[in-house]
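One structure below.
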Amino acid sequence: NFVRCNTLPVSVQDNLNRCQGLDRNSNAIGYIVTTNDNIGAVNIKGFDLSARTRLRTDWGTFTPGWEGTILTKSSETNIISGDTIDNLGAMHADMFVVRHSASGAAHLIARHVPPHMHVVNAGDGKHQHPTQALLDAATIRSTFGLPSNDFSGITVVIAGDVMHSRVARSNALLLTKLGACVRLCAPRTLMPLRAERLSDPSGTGRVEVYDSLDEALDGVHVAMMLRIQKERLSGGFIPGTKEYAKLFGMNVGRLSKIRHDGIVMHPGPMNRGVEISGQMADHPRSQILQQVEMGVASRTAVLRRLLKDVV
């Protein structure tokens, strides 16, 4: 089961090595995506590594060798009800890819299916997004040519809606596990209490908390911006997008504050002109497209590792 970053049953280093070893432009790529609040069950009968596998959000296309089923429910409660979970075990799937708005949904499902069925958390509520953290770490490692999985000396700013972000939580866990310093930056209304505790206690890295983006960016290797969702405006978390962009948005003018070889990242989707300017998103020092490419490689690494006894 692949549920969260700080309790990986498979080696983080092995997965990063597998990411690094995959040609992001090769055809030997498998990629699984599920839509929000859907549970994907994939029965692996054979994996043709000579052809790229793309399972779209509607699960409408499959490469030969993969058999898949998408389960949808009109009610979230029904998806994670005991009866539904027990039924999932009867599908005899090799893997479930779970994306759900309820925190802990993947962990709950993992507890109710047979031990040989792997559960991959593709994002659960405000809790975790492990594969996003893996692809971000792989992007950083590739960009800076790190010889191993020792991220000591690397400083990463994660700025935006930290309070509601599973991406921020997973990255804080994984990057500090690898030894990086993570600076969480947000307006005080969007920063969780005791955010410095989001670091991995077994790692050598640390989490620092900032409420000024200009201060947080000073001398960092990576500026990772988080999306601001529209409901944050109606919820009174921020006064407006223009003021937010002025105080917490990444733009070309702020590039001078990070290292000369520093990069800008964003997990997507972006709100251009809010947390990141359009010019910055398309700038040569933006690694956003590289993140997309590495996302394919990182998820392939997870699938190959978990299904090594099946395919």
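All values reported here derive from a predicted model rather than from experimental measurement.
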Do [X] and [Y] come close enough that some side-chain heavy atom pair is under 4.5 Å?
{"X": "N121", "Y": "H107", "value": "no"}
{"X": "L134", "Y": "V302", "value": "yes"}
{"X": "M280", "Y": "L255", "value": "yes"}
{"X": "L184", "Y": "V207", "value": "yes"}

Q.
Between V120 and V98, is the side-chain contact (heavy atoms from CB on, under 4.5 Å) condition met? List the steps.
A. CA-CA 6 Å; V120 175; V98 182; over 6 Å; no
(Q) For S170 and Q128, which I'm curious about, is there any donor-acceptor pair between the side chains at under 3.5 Å? (A) yes
(Q) Any carboxylate oxygen within less than 4.0 angstrom of a Lys/Arg side-chain nitrogen, looking at R254 and D214? (A) yes
Q | Pairing residues for E208 by the salt bridge (Lys or Arg N to Asp or Glu O under 4.0 Å) criterion, not counting sequence neighbours | A | R183, R206
Q | salt bridge (Lys or Arg N to Asp or Glu O under 4.0 Å) partners of D136, counting only residues at least two apart | A | none
(Q) Under the side-chain hydrogen bond (donor to acceptor under 3.5 Å, both in side chains) definition, can you give me all pairs with a residue in residues 256-272, not counting sequence neighbours? (A) H221-R259, R259-D261, H266-E275, R272-D282
(Q) Is there a path of hydrophobic side-chain contacts, each under 4.5 Å between heavy atoms, that joins I154 and Y210? (A) no
(Q) If you compare all heavy atoms of C185 against all heavy atoms of V157, which two are closest, and at what distance to 0.1 Å? (A) CB-CG1, 4.4 Å
Q) What are the two closest heavy atoms between S298 and T131, and how far apart are they? A) OG-O, 3.9 Å
(Q) Walk me through whether V222 and T155 qualify under side-chain contact (heavy atoms from CB on, under 4.5 Å). (A) CA-CA 7 Å; V222 180; T155 303; over 6 Å; no
Q) Between T176 (side chain) and D200 (backbone), is there a donor-acceptor pair under 3.5 Å? A) yes
